[in-house]
*Asks:* 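Provided herewith is a single structure, encoded as structure tokens, for subsequent inquiry.
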2 protein chains.
Amino acid sequence: MNTDIFKALSDESRLRILNLLFRRELCVCELESILDMSQTNVSRHLNKLKYANMVLMTKKSKWAYYSINDQFIKENDHLIAYLKNNFSEDKDFVRDMKILISLEEDQALCSDSNIVKFV
Amino acid sequence: MNTDIFKALSDESRLRILNLLFRRELCVCELESILDMSQTNVSRHLNKLKYANMVLMTKKSKWAYYSINDQFIKENDHLIAYLKNNFSEDKDFVRDMKILISLEEDQALCSDSNIVKFV
DNA sequence: CTCTCATATTCATATATTTGAATATGTTAA
DNA sequence: TTAACATATTCAAATATATGAATATGAGAG
């Protein structure tokens, strides 16, 4: 049995990223801002999730947007249920989600504008 | 969210051990024999699973018997379903299970006898 | 009491993972 | 074309993990 998925899930930062991506696709700089992590690190963790086939990347002009791979969701429904369940019970993850939702409400995501809101 | 469980699952040997323990409790030397691994290594991996609260250990005279922690099963039902599903679809894991079942049929497990059958 | 067996632990080493800092690449705007 | 920006990659160092070999511990058999 392949352990790549479990290795990908063995890091708090990557779990926090997945939690947010379950809600919507996000670019690197948005994750960087919400999670208060370095650009280098966000990029690296996303790359690992991509390698494990858990997320997909698509380029939109300057931005690299990452999203949950639907195929991964379909093929791993029990695991997804487990993750979503645990995410919703963890206060740090709920806090991350609240930050994302408030950015949506303020229309402060990169996709809302050509103006770069994250520095 | 705690990554200890995913770290414990990030190793093929530990997954093979869990697969067998889902069927029944086993002592170290039985796992050593079925999995063809060194005693040192089986013991170490079991210790990690115990640390992650996934298995329990009980001493019976010379033998240390390990079993799945029922509390862990109850608290992580989706994850357990995911694991059992994947175990049953992996030919190496099915082979391990067949070896265990044939030992049961031959009454060749430590619990079947005072005579040590595994060397 | 001594030997053998089952298991855990220690030691040393190889390998993998994480991360900050610096740099490279490619895109957009002025 | 030049500057600012978004992202990926490289380099180096720190930390974690895996494992063989040797040894320690403790129980039961003779």
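A note on names: the letters A, B, ... follow the listed sequences, proteins ahead of strands, and every chain is numbered from 1.
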*Asks:* To the nearest Å, give me how far apart CD1 (A/I17) and P (D/dT7) are.
*Replies:* 12 Å

*Asks:* Check for a donor-acceptor pair, side chain of A/N19 on one end and backbone N or O of A/F87 on the other, with a separation under 3.5 Å.
*Replies:* no

*Asks:* Under a 3.5 Å distance rule, please check whether B/E75 uses its side chain to pair with a backbone N or O of B/F72 as donor and acceptor.
*Replies:*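 A pair under 3.5 Å: no.
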
*Asks:* I want to verify a distance call: between D/dA27, D/dT7, C/dT7, whose nearest atom is closest to the A/Q39 side chain?
*Replies:*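 Per side-chain heavy atoms of A/Q39, the pick is D/dT7.
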
*Asks:* Does a side-chain N or O of B/Y66 approach OP1 or OP2 of C/dA8 to a distance below 4.0 Å, or not?
*Replies:* yes

*Asks:* How would nucleotides 11-20 of chain D be written as a contact map, 5' to 3', with B for base contact, S for sugar-phosphate-only contact and - for no contact, using protein heavy atoms under 4.0 Å?
*Replies:* B-----SSBB

*Asks:* Rounded to the nearest angstrom, tell me the gap between atom CG in A/L49 and atom P in C/dT18.
*Replies:*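 From A/L49 CG to C/dT18 P: 11 Å.
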
*Asks:* Rounding to a whole Å, what distance do you find between B/L26:CG and C/dA6:P?
*Replies:*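 So the CG-P distance, B/L26 to C/dA6, works out to 15 Å.
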
*Asks:* Roughly how far, to the nearest 0.5 Å, is the CG atom of A/L15 from the CZ atom of A/F93?
*Replies:*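 If I round to the nearest 0.5 Å, the distance is 5.0 Å.
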
*Asks:* Run the salt-bridge test on A/K60 and A/E25 with the 4.0 Å N-O cut-off and return the result as yes or no.
*Replies:* yes

*Asks:* Atom CG of A/L15 to atom P of C/dT18: distance rounded to whole Å?
*Replies:* 11 Å

*Asks:* Given atom CE of A/M37 and atom P of C/dA21, what is their separation to the nearest angstrom?
*Replies:* 14 Å

*Asks:* Does A/K50 make a cation-pi contact with A/Y66 (under 6.0 Å, within 45 degrees of the axis)?
*Replies:* no

*Asks:* Dot-bracket for DNA chain D, please, read 5' to 3', with Watson-Crick or G-U wobble pairs under 3.5 Å on both distances, ( ) within the strand, [ ] crossing, | other strand, . unpaired.
*Replies:* ||||||||||||||||||||||||||||||

*Asks:* Could you state the atom-to-atom distance from CD of B/E32 to P of C/dA8 in whole Å?
*Replies:*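 For the pair B/E32 CD and C/dA8 P, the rounded distance is 11 Å.
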
*Asks:* Atom CG of A/N47 and atom P of D/dT9: how far apart are they, to the nearest Å?
*Replies:* 6 Å

*Asks:* Look at the aromatic rings of B/F6 and A/Y82 and report parallel, tilted or perpendicular, splitting at 30° and 60°.
*Replies:* perpendicular

*Asks:* Out of curiosity, A/L21 CG to A/N69 CG, how far, rounded to the nearest 0.5 Å?
*Replies:* 11.5 Å

*Asks:* Considering only side-chain heavy atoms of A/V28, which listed nucleotide, D/dG28, D/dA6, D/dA8, is closest?
*Replies:*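 Among D/dG28, D/dA6, D/dA8, the one nearest the side chain of A/V28 is D/dA8.
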
*Asks:* Would you mind classifying the nucleic acid contact of A/S43 as base, sugar-phosphate or nothing, using non-hydrogen atoms under 4.0 angstrom?
*Replies:*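 Base contact.
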
*Asks:* Quick one: does any side-chain atom of A/R14 pair with a main-chain N or O of A/H45 as donor and acceptor, under 3.5 Å?
*Replies:* no

*Asks:* For the pair made of NZ in A/K59 and P in D/dC5, what is the distance, rounded to whole Å?
*Replies:* 16 Å

*Asks:* B/D92 vs B/R95, test: salt bridge (charged side-chain N to carboxylate O under 4.0 Å, His left out). Steps then yes/no.
*Replies:* CA-CA 5 Å; B/D92 292 328; B/R95 178 181 42 73; 3.5 Å; yes

